[in-house]
Colleague: 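Have a look at the structure that comes next, please.
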Amino acid sequence: LDAHPGNANAAIALRAAYLARGDAASAVELMLREIEGAQGNLAKARLYAEMALLHRDRTKDTDKALEAAKKAVDLDPTSLVGLTVTGDIAFEAGHYVEASKALDSVVSRVDALPEADRTRILVRYIDALAKSGSTEKAIGAVDTLLRLAPDDGEARIKAARVLLDAGKAS
């Protein structure tokens, strides 16, 4: 990689090797080098978003995950990963207004998320809206949640609770 610093395939392979052996710190260090050489904001944003996931999921460092996610969003305001990580961390910290703002852009493109994340994001978004006093906006997301997860018990309970709280249950 030192001989060919612009070789993205080599960097990806080396990063995968680091992660396979459980060396997230080296993978992050490599990503920082990749960011320095990346061309354009979108490429840098993608790398920062990957770094945010790495910090959140592998190193369990939410501060660094949030920092990387915010950098990803600063460079690309449409970064689904950056917005999702920002929203997740805000939600887990009980910052529901911040969580709902971050997840708002994600929910409008929820179909672009991996299937495993869709319900979780929608439930958190609805919960954040309801807890921050935006019940009417939460009701608007209930239809999407039930469309994407009609058989999911948690989704149905969350939808029913929001509708009951708003006095709109039938």
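Keep in mind that this is a model prediction, so the values were computed, not measured. The analysis underlying the following values was restricted to heavy atoms, covering all of them including side chains, and did not include hydrogens, waters or symmetry mates.
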Colleague: Measuring from Thr59:OG1 to Leu53:CG, what's the distance to the nearest 0.5 Å?
Modeller: 11.0 Å
Colleague: Calculate, to the nearest 0.5 Å, the distance between atoms CG and CG belonging to Leu83 and Asp76 respectively.
Modeller: 8.5 Å
Colleague: Would you say that Leu30 contacts Tyr18 through its side chain, given a criterion of any heavy-atom pair below 4.5 Å between the two side chains?
Modeller: yes
Colleague: Is a side-chain donor or acceptor of Arg56 paired with a backbone partner of Asp88 at a separation under 3.5 angstrom?
Modeller: no
Colleague: Do Leu103 and Leu148 land in one hydrophobic cluster if side-chain heavy atoms of ILVMFWY residues count as linked below 4.5 Å?
Modeller: yes
Colleague: Answer yes or no: does atom CZ of Arg161 have more than 12 heavy-atom neighbours from other residues, nucleotides or ligands under 6.0 Å?
Modeller: no
Colleague: So does Glu50 pair up with Arg46, basic N to acidic O under 4.0 Å?
Modeller: yes
Colleague: Are Val81 and Ile35 linked, directly or through intermediate hydrophobic residues, by side-chain heavy-atom contacts shorter than 4.5 Å (ILVMFWY only)?
Modeller: no
Colleague: State, to 0.1 Å, how close Gly82 and Ala69 come at their nearest heavy-atom pair, and which atoms those are.
Modeller: O-CB, 3.5 Å
Colleague: Once rounded to the nearest 0.5 Å, what's the spacing between atom NZ of Lys158 and atom CG of Leu146?
Modeller: 12.5 Å
Colleague: Which pair of heavy atoms, one from Leu54 and one from Met31, lies closest together, and at what distance?
Modeller: CD1-SD, 3.6 Å
Colleague: Do Asp104 and Lys137 make a side-chain contact, defined as non-hydrogen atoms from C-beta onward lying under 4.5 Å apart?
Modeller: yes
Colleague: How long is the gap from OG1 on Thr84 to CZ on Arg124, to the nearest 0.5 Å?
Modeller: 10.5 Å
Colleague: Would you say Arg156 has more than 12 foreign heavy atoms packed within less than 6.0 Å of its CZ?
Modeller: no
Colleague: Linking I/L/V/M/F/W/Y whenever any side-chain heavy atoms sit under 4.5 Å apart, do Val107 and Val73 land together?
Modeller: yes
Colleague: Determine whether Tyr125 and Val106 satisfy the following criterion, side-chain contact (heavy atoms from CB on, under 4.5 Å), listing intermediate values before the conclusion.
Modeller: CA-CA 9 Å; Tyr125 177 65; Val106 176; over 6 Å; no
Colleague: Of all the heavy-atom pairs spanning Leu32 and Met51, show the shortest one and how long it is.
Modeller: CD2-CE, 3.6 Å
Colleague: Specify the closest pair of heavy atoms between Glu154 and Val123, including all atoms of both residues, with the distance to one decimal.
Modeller: OE2-CG1, 3.7 Å
Colleague: If two hydrophobic side chains count as joined below 4.5 Å and joins carry through other members, does Val142 share a cluster with Ile121?
Modeller: yes
Colleague: Would you call Lys71 and Glu67 a salt bridge, using N to O less than 4.0 angstrom?
Modeller: yes
Colleague: Could you tell me if the side chain of Thr144 sits less than 4.5 Å from the side chain of Arg147, heavy atoms only?
Modeller: yes
Colleague: How close do Leu113 and Arg118 get, heavy atom to heavy atom, and via which atoms?
Modeller: O-NE, 3.1 Å
Colleague: Is the number of heavy atoms from other residues, nucleotides or ligands under 6.0 Å of Glu92 CD greater than 12?
Modeller: yes
Colleague: In Å, rounded to the nearest 0.5 Å, how long is the span from NZ of Lys101 to CG of Leu129?
Modeller: 11.5 Å
Colleague: Is the side chain of Arg109 donor-acceptor paired with the backbone N or O of Thr78 at a distance under 3.5 Å, no angle test?
Modeller: yes
Colleague: So which atom in Val162 and which in Ala130 form the shortest heavy-atom distance, rounded to 0.1 Å?
Modeller: CG2-CB, 4.4 Å
Colleague: Could you give the distance from CD1 (Ile89) to CG (Asp63), rounded to the nearest 0.5 Å?
Modeller: 8.0 Å
Colleague: Do Val85 and Leu66 touch side chain to side chain, with heavy atoms closer than 4.5 Å?
Modeller: no
Colleague: Can you get from Ile126 to Tyr96 by hopping between Ile, Leu, Val, Met, Phe, Trp and Tyr side chains that sit under 4.5 Å apart?
Modeller: no
